[in-house]
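Right, one structure below, let's go through it.
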Amino acid sequence: MSHATIHKEFPVLFSEEQIAARTAEIGRQIDQDYAGHAVVLVGVLKGAAIFLADLARCITVECTFDFVAVSSYGKGQRTSGAVKMIKDLDQPIEGKHIIIVEDILDTGLTLCFLRSLFEQHKPASLRIAALLDKPSRRLEKIDADYVGFHIPNHFVIGYGMDYAERFRNVPDIRLMPPDYPELH
Ligand code: PRP
């Protein structure tokens, strides 16, 4: 089987239907929490792009998008000092209701970095929506305000999440077999 289709052998962790149902619930919660306000969804590229696109369509309060990209030097080697902004916000966030949208909250280094950076710009409020949360991997004390699913420490792909940049387009979330060959 080619690399393009091999993921079909990976076990499904969350189906498209499960992801859609949970995303709709989070959207309804955001609608309630921000009734009468406008929110800015800030997606963290690239993994969060698909979750942001679906979550945004489950929200009916006024909503705009922005995106940031941060550097990653490989998971094992990251330290708080090593997270750097590669693409900053396009618009000022002062006085706005910001929801940072992430595909996965893992060690927490990325979101800790972004949260403290954004707080300096004095938003009206700042919350975090993460589709997946791996609390067992946490190195920084940070929690998401909206969590799709808590998961154990397994490497997952699909629905925006990659292995060596592949599999982001897989529509469900699957477990990556530990013996899968290294890709470059
Ligand atoms: C992933 C994910 C988060 C970050 C979470 O991004 O999208 O941004 O890691 O990990 P942390 O809690 O340990 O900081 P990645 O660096 O893999 O980039 P990508 O979104 O482009 O895949």
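For ligands, and for the atoms within them, numbers begin at 1 and follow the listed sequence.
Heavy-atom proximity to Gly47, at under 4.0 Å, picks out these atoms of ligand 1: 19 (P), 20 (O), 21 (O). For ligand 1, the atoms sitting less than 4.0 Å from at least one non-hydrogen atom of Glu102 are 2 (C), 3 (C), 7 (O), 8 (O), numbered in the order shown with element in parentheses. Interface of Ile104 with ligand 1, defined as ligand atoms under 4.0 Å from a residue heavy atom, comprises 2 (C), 3 (C), 5 (C). In summary, the atoms of ligand 1 found under 4.0 Å from a heavy atom of Thr107, numbered by their order in the structure, are 11 (P), 12 (O), 13 (O), 14 (O). Listed by number with element, the atoms of ligand 1 under 4.0 angstrom from any heavy atom of Leu45 are 20 (O), 21 (O).
Ring centers of Tyr180 and Phe155: at least 6.0 Å apart, outside the cut-off.
At under 3.5 Å, not a single nitrogen or oxygen of Leu105, backbone or side chain, sits near a nitrogen or oxygen of ligand 1.
With sequence neighbours excluded, the residues forming a ring pair (Phe, Tyr, Trp, His ring centres under 6.0 Å) with Phe149 are Phe14, listed by chain and number. For the salt bridge (charged side-chain N to carboxylate O under 4.0 Å, His left out) test, no residue two or more places apart in sequence or in another chain qualifies with Asp88.
For the side-chain contact (heavy atoms from CB on, under 4.5 Å) test with Ile104, the passing option among Ile151, Leu131, Val44, Asp133 is Ile151; the others fail.
When the options Met161, Arg168, Lys46, Glu165 are ranked by their closest heavy atom to atom 22 (O) of ligand 1, first place goes to Arg168. Residue Asp103 holds the heavy atom nearest to atom 2 (C) of ligand 1 of all those in Val68, Asp103, Val83.
Using a 4.0 Å cut-off between a side-chain N of Lys or Arg and a carboxylate O of Asp or Glu, Arg138 and Asp106 do not qualify as a salt bridge.
With values rounded to the nearest 0.5 angstrom, Arg57 atom CZ is found 10.0 Å from Leu52 atom CG.
Within the structure, ligand 1 has Gly108 among the residues with a heavy atom less than 4.0 angstrom away.
There is no side-chain donor-acceptor pair under 3.5 Å between Asn169 and Tyr159.
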